[in-house]
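This report concerns only the one structure given below.
Every value quoted in this text rests on a predicted model; they were computed, and no experiment measured them. Throughout, numbering of the chain's residues begins at 1 and tracks the sequence.
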Amino acid sequence: MTPEHMAPRTAHAAPDWPPGDSKLARMIRARDWADTGLGPIATWSDTLRTLVSSVLDSRFEMILLWGPQLLQIYNDAYARLMRDKHPTYLGRPTQDCWPEVWHFNAPIYERVMTQGDSVYLEDQPYRLQLDGGERVLSLSICYSPVRGPQGDILGVMVTLTDVSRRVQAEQALARDLQSMTRLNDLVARLVHAQDLDSALHEVLDAAISLMDADKGNIQLFDAKHRTLRIGAQRGFDEQFLRYFSEVDDAHESACGRALRLGQRVVIPDIKHESASSTLRQVASEAGYQAVQSTPLLGQNGSPMGMLSTHWRLPTQPSGHALRMLDLYARQAAQFIERSRIEHRLRQTAEELRQASRAKDEFIAMLGHELRNPLAPIQIALHLMEMRGDTASQRERAIIGRQVHHMTRLIDDLLDVARIIRGHVTLQPVPTELWQVVHRAVETASPLIEQRRHALALDVPPTGLRVMADPVRLAQVIANLLTNAARYTPQQGQIRVAAAPGDNGDVVLSVIDNGMGISSKDLERVFDLFTQGSQGLDRSQGGLGLGLTIARTMATIHGGTLTAHSEGPDQGSRFDLTLPLMPAEDPDSPGHSDTPAGTPRGLGLAVLVVDDNEDAAHLLSDLLQSWGYATLVAHDGPSALQMLGSRQVDLGLLDIGLPVMDGYELAQTIHRLPRQGDTPLVALSGYGQEQDRRRSRESGFCEHLVKPVDIERLAQLLEGLRQTVA
């Protein structure tokens with residue numbers, strides 16, 4: 001069969017064919033095609049002429065590959081893509097034009113020409129030799145067969161789009177996204193870094209990976225000596241570390257120059273630098289030829305250190321990599337700066353702790369030294385009373401009041417010291433409030449009597465039972481009474497009233513008609529060393545500690561202490577609120593130390609698993625007191641080992657277990673022979689809905705939150721016992 005493109009035309013071609021004003025149309029018209037495989041234009045078949053016209057009229061990059069040799073005819077758009085290969089290869093075989101990709105294209109052309117298939121490639125990268133160098137173009141290409149009138153395949157029509165810019169933009173976006181992901185990962189690791197050393201190594205490893213470098217180091221800036229010292233390094237030997245043990249801004253290395261200039265220094269090839277032979281020798285022995293050093297700058301621009309990466313071969317880092325490195329450097333600088341601030345804060349805190357300890361020791365010593373002379377004074381007064389000496393009775397009363405007053409001051413001072421150190425302990429017992437009030441009145445009576453106040457008590461002798469340390473609670477009320485006596489003019493009125501509150505509590509009020517409290521003082525009346533306004537004579541006395549101690553003691557008792565006043569000369573009221581114990585007769589019928597609903601274990605076996613050994617054994621003791629037999633384990637594997645030889649009826653499993661958590665343990669237990677239906681109860685410090693849902697999904701029938709309510713546990717076990725009994 002004679003191919004159509006070889007068949008002679010019966011009519012001569014018009015001299016102005018192909019029509020159009022495109023560059024390729026003019027070039028095709030002007031060219032002598034006799035020396036090409038296509039022959040003179042006048043001999044071209046109608047099919048070829050039609051296809052060439054379509055190619056020339058298209059604004060897309062198109063090329064027609066004609067005949068067995070795949071001779072090229074293309075349009076202006078494709079010519080621009082060819083660059084320096086146009087017009088040399090117009091009319092010539094495509095293999096001659098693109099030998100660098102022939103290994104890839106040849107199988108495609110073979111498939112199209114022999115099988116008649118169309119082949120489409122999207123975003124296909126091609127490495128092409130253009131303008132004397134290699135260029136990578138991303139092309140979306142469609143290879144389609146060209147058929148003659150009889151259906152035979154005469155060539156290949158190639159339509160393509162240069163998508164290099166879009167692909168490059170997408171690649172840049174993906175690269176940026178990857179870089180930001182790396183940065184976020186680095187920030188997350190820095191957040192959890194335990195110390196400066198681990199943080200520096202995190203940054204350094206990330207920087208080496210980012211720069212595709214072989215080695216690296218981070219130097220810390222010593223502001224006192226104005227030098228850089230290595231704080232973290234990867235890949236260097238002792239000789240390198242000794243050479244760079246101290247670098248100042250006069251050093252000729254990259255890090256020295258960067259410190260001097262305050263900006264990054266990149267040396268792509270040390271052999272081409274004007275560095276000294278010593279530096280080149282150090283680099284050669286350390287195994288690198290390229291280096292960059294980026295300053296680590298603090299918030300105010302002050303140097304924090306230097307981040308350097310090194311390459312074995314000459315390397316010029318990309319602009320994108322260096323921009324990302326700046327972000328890494330910023331993170332490192334912030335961490336270094338924060339670490340130094342935290343270090344200074346820790347130093348300051350330690351100095352303050354030492355000063356506080358010294359102060360506490362001084363107060364303790366002061367109290368001891370002040371109390372020493374008071375003891376013989378009190379003894380002397382007592383002896384004088386015993387002898388019945390009436391001549392100095394007035395003077396003895398004065399001395400007695402002053403000794404009592406000084407003792408109170410010393411007690412307050414020492415109490416504040418104990419409160420600050422957190423050394424206040426209580427010994428609470430069920431106590432009637434009246435008993436405490438009575439003791440407090442005895443303590444405050446000397447000052448009340450001295451100032452000739454009228455004291456009224458409205459506290460019932462029974463029915464206001466509280467759980468309290470009688471001594472400490474009496475101190476609270478005594479301080480309130482002393483405060484009222486001190487700030488109420490002579491012959492004033494003080495009232496103490498107590499009654500049940502509205503919230504299961506008891507409210508004790510100390511009310512006076514004295515000086516009152518201004519609004520500004522009312523806000524700070526409980527602060528340490530704070531007192532109401534006093535004249536130079538300080539007639540009210542005191543150290544300003546009593547109310548601070550009173551509120552602290554009230555808080556430790558689980559109560560509150562608040563102050564109220566309508567203003568100056570309107571008197572004051574202090575309300576002490578404490579939890580009220582239920583009025584219960586411990587000997588009454590029905591009273592029992594065992595909670596209602598206590599289960600009868602009847603020897604049922606319960607598996608208790610908790611890594612807190614004290615908690616596990618105490619829970620086991622409780623269950624045994626209810627009649628259960630118990631197996632105790634402190635981790636999942638131990639529990640499973642026990643179940644290898646024993647069967648249990650119930651299980652109480654802690655969730656936060658080592659080795660395997662309670663969820664995994666529950667699922668494993670239910671897969672054991674004869675334990676598939678064993679009721680399991682989860683014990684956890686977490687009680688959110690998602691925690692309970694996960695317990696249910698793991699096979700637990702109940703989820704109890706620590707600390708477990710004993711009565712709730714008793715009721716639950718009783719219900720479960722009945723299901724398995």
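- A donor-acceptor pair shorter than 3.5 Å cannot be found between the side chains of Gln490 and Arg451.
- Judged by distance alone, with hydrogens and angles left aside, the side-chain atoms of Asp654 form no donor-acceptor pair with the main-chain N or O of Leu657 at under 3.5 Å.
- Listed for the Glu432 side chain is a donor-acceptor partner under 3.5 Å among the backbone atoms of Gly463.
- Within the model, atoms CG of Leu631 and CZ of Arg646 stand 4.5 Å from one another, a figure rounded to the nearest 0.5 Å.
- For the pair Ala666 and Ser698, the tightest heavy-atom approach, listed with the atom from each and the gap, is CB-O, 3.7 Å.
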CA sep, side-chain torsions, deciding dist, call: Glu337, Arg340, salt bridge (charged side-chain N to carboxylate O under 4.0 Å, His left out): CA-CA 5 Å; Glu337 192 167 31; Arg340 290 179 174 175; over 6 Å; no
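- A donor-acceptor contact shorter than 3.5 Å links the side chain of Thr548 to the backbone of Phe526.
- Of all heavy-atom pairs spanning Ile655 and Ala682, the tightest one is CD1-CB, 3.8 Å.
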Applying side chain to side chain contact (heavy atoms under 4.5 Å, CB included) to Leu665 and Leu640, what does each step give before you reach the verdict? CA-CA 8 Å; Leu665 177 58; Leu640 295 175; 3.8 Å; yes
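- Rounding to the nearest 0.5 angstrom, the gap separating the CG atom in Asp569 from the CD1 atom in Ile517 is 12.5 Å.
- A donor-acceptor pair is defined here as one N or O able to donate and one able to accept, closer than 3.5 Å; no such pair exists between the side chain of Ser638 and the backbone of His634.
- Between the side chain of Ser565 and the backbone N or O of Gly567 there is at least one donor-acceptor pair closer than 3.5 Å.
- With respect to the salt-bridge test (charged N to carboxylate O, under 4.0 angstrom), the residues Arg353 and Glu350 qualify.
- Checked by atom type, the side-chain pair Arg344/Gln347 shows no donor-acceptor distance below 3.5 Å.
- Here the shortest heavy-atom pairing between Val429 and Met467 reads C-SD, 3.4 Å.
- Between the Thr348 side chain and the Arg346 main chain, no donor and acceptor come within less than 3.5 Å of each other.
- Separating the CZ atom in Arg465 from the CG atom in Leu578 is a distance of 14.0 Å, to the nearest 0.5 Å.
- Contacts of Ser620 classified as side chain to side chain donor-acceptor pair (under 3.5 Å), with partners at least two apart in sequence or in another chain: Gln624, Thr630.
- Listed by chain and residue number, Thr678 satisfy the side chain to side chain donor-acceptor pair (under 3.5 Å) test with Gln675 (two or more places apart in sequence, or in another chain).
- No donor-acceptor distance shorter than 3.5 angstrom exists from the side chain of Asp575 to the backbone of Ser509, with no hydrogens or angles considered.
- Residue Gln647 qualifies as enclosed at atom CD: its count of foreign heavy atoms under 6.0 Å is above 12.
- The distance from atom CZ of Arg486 to atom NE2 of His453, rounded to the nearest 0.5 Å, is 10.5 Å.
- Using a 3.5 Å distance cut-off with no hydrogens or angles, the side chains of Thr577 and Asp505 do not pair a donor with an acceptor.
- A donor-acceptor distance shorter than 3.5 angstrom exists from the side chain of Arg692 to the backbone of His703, with no hydrogens or angles considered.
- Between the NE2 atom in His438 and the CG atom in Leu433 there is a gap of 13.5 Å [rounded to 0.5 Å].
- By the side chain to side chain donor-acceptor pair (under 3.5 Å) test, Thr562 pairs with His564, sequence neighbours left out.
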So Thr668 and Glu664, side chain to side chain contact (heavy atoms under 4.5 Å, CB included) or not? Walk me through it. CA-CA 6 Å; Thr668 306; Glu664 183 180 356; 4.3 Å; yes
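- Taking the side chain as every heavy atom from C-beta outward, Val466 and Val506 approach each other to under 4.5 Å.
- Of all heavy-atom pairs spanning Leu717 and Trp626, the tightest one is CD1-CZ3, 4.0 Å.
- Contact annotation: the side chain of Val441 approaches that of Val437 to within less than 4.5 Å [non-hydrogen atoms, C-beta and beyond].
- Of the possible donor and acceptor atoms, one in the side chain of Asp649 sits under 3.5 Å from a partner among the backbone N and O of Ala605.
- Side chains of Asn479 and Thr482: a donor-acceptor N/O pair is absent below 3.5 angstrom, by distance only.
- Of the inter-residue distances, the one linking Leu623 atom CG with Leu604 atom CG reads 11.0 Å to the nearest 0.5 angstrom.
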